[in-house]
Amino acid sequence: QVQLVESGGGMVQAGGSLRLSCAASGRTFSSSAMGWFRQAPGKEREFVATINWRGSSTSYADSVKGRFTVSRDNTKNTMYLQMNSLKPEDTAVYYCAARKGSAVSSRLASEYEYWGQGTQVTVSS
């Protein structure tokens with residue numbers, strides 16, 4: 001079992017930066033691929049970024065590529081999402097997720113078994 005808690009959300013002006021953290025409990029964190037997803041009001045949850053168990057492989061949605069960076073520190077059981085050059089369209093609730101029994105990263109929400117409660121990110125123009 002893995003429990004995930006996001007933090008670091010808030011309100012920022014366009015062009016600003018935020019760093020989200022996802023703290024995990026459970027012994028399987030270091031062997032699990034992780035991901036970030038987001039959901040804006042009235043829209044479906046969408047993929048943002050994913051990272052494999054070791055942190056050696058990452059993948060991003062086209063909309064955030066070059067602006068967001070996903071990383072993890074397995075010694076601290078924590079994953080991060082550094083968000084730079086934020087735009088109003090990045091406004092959403094951001095969720096971290098963990099795969100069960102798989103070290104391979106994925107862009108599909110359906111392949112993640114564990115989810116955090118979400119943290120709100122609001123970018124004003």
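All residue numbers in this chain count up from 1 along the given sequence.
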Give, for atom OG of Ser25 and atom CD of Gln3, the distance between the pair rounded to the nearest 0.5 Å.
-> 4.5 Å
Pick one: which of Asn77, Asp73, Thr78 meets side chain to side chain donor-acceptor pair (under 3.5 Å) with Thr75?
-> Asp73
Please answer whether the main-chain N or O of Ala92 pairs with a side-chain N or O of Gln39 as donor and acceptor at a distance below 3.5 Å.
-> no
Following the transitive rule for hydrophobic clusters with a side-chain heavy-atom cut-off under 4.5 Å over Ile, Leu, Val, Met, Phe, Trp and Tyr, establish whether Trp115 and Val93 coincide in one cluster.
-> yes
Flag yes if Tyr95 and Leu81 sit in one hydrophobic cluster, no otherwise; membership is Ile, Leu, Val, Met, Phe, Trp, Tyr, and two members link when side-chain heavy atoms are under 4.5 Å apart.
-> no
Minimum heavy-atom separation for Phe68 to Val48, with atom names?
-> CD2-CG1, 3.8 Å
Test log, rule side-chain hydrogen bond (donor to acceptor under 3.5 Å, both in side chains), inputs Ser17 and Asn84 = CA-CA 4 Å; Ser17 298; Asn84 298 328; 2.9 Å; yes
Counting distance only, does the side-chain N/O of Asp90 pair as donor-acceptor with the main-chain N or O of Ala14 below 3.5 Å?
-> no
Can you hop from Val121 to Leu4 via hydrophobic side chains spaced under 4.5 Å?
-> yes
When rounded to the nearest 0.5 angstrom, what distance separates CH2 in Trp36 from CZ in Phe47?
-> 13.0 Å
Could you give the distance from SG (Cys22) to CZ (Arg72), rounded to the nearest 0.5 Å?
-> 9.5 Å
For Thr119, the option from Leu20, Val5, Leu18 that meets side-chain contact (heavy atoms from CB on, under 4.5 Å) | Leu20
Give a yes or no answer on whether the side chain of Thr91 reaches the backbone of Val123 with a donor-acceptor pair at less than 3.5 Å.
-> yes
Compare every heavy atom of Ser57 with every heavy atom of Ser105, then report the nearest pair and how far apart it is.
-> OG-OG, 4.3 Å
Approximate separation, where rounding is to 0.5 Å, of Ser59 OG and Arg107 CZ | 3.5 Å
Could you tell me the separation between the CE atom of Met83 and the CZ atom of Arg19, rounded to the nearest 0.5 Å?
-> 11.5 Å
By salt bridge (Lys or Arg N to Asp or Glu O under 4.0 Å), Lys65 pairs with (sequence neighbours left out) Asp62
Name the orientation class of the two ring planes belonging to Phe37 and Tyr112 (parallel below 30°, tilted from 30 to 60°, perpendicular beyond 60°).
-> perpendicular
Identify whether Leu86 and Tyr80 are in the same connected component of the hydrophobic contact network (ILVMFWY, side-chain heavy atoms under 4.5 Å).
-> no
Taking atom OG of Ser32 and atom CD of Glu113, what is their separation to the nearest 0.5 Å?
-> 9.0 Å
Those residues that, when tested against Glu46, pass salt bridge (Lys or Arg N to Asp or Glu O under 4.0 Å) (two or more places apart) = Arg38
Mind checking who shares a hydrophobic cluster with Val104, ILVMFWY linked at side-chain heavy-atom distances under 4.5 Å?
-> none
Would a 4.5 Å heavy-atom cut-off, applied to side chains only, mark Val70 and Met79 as touching?
-> yes
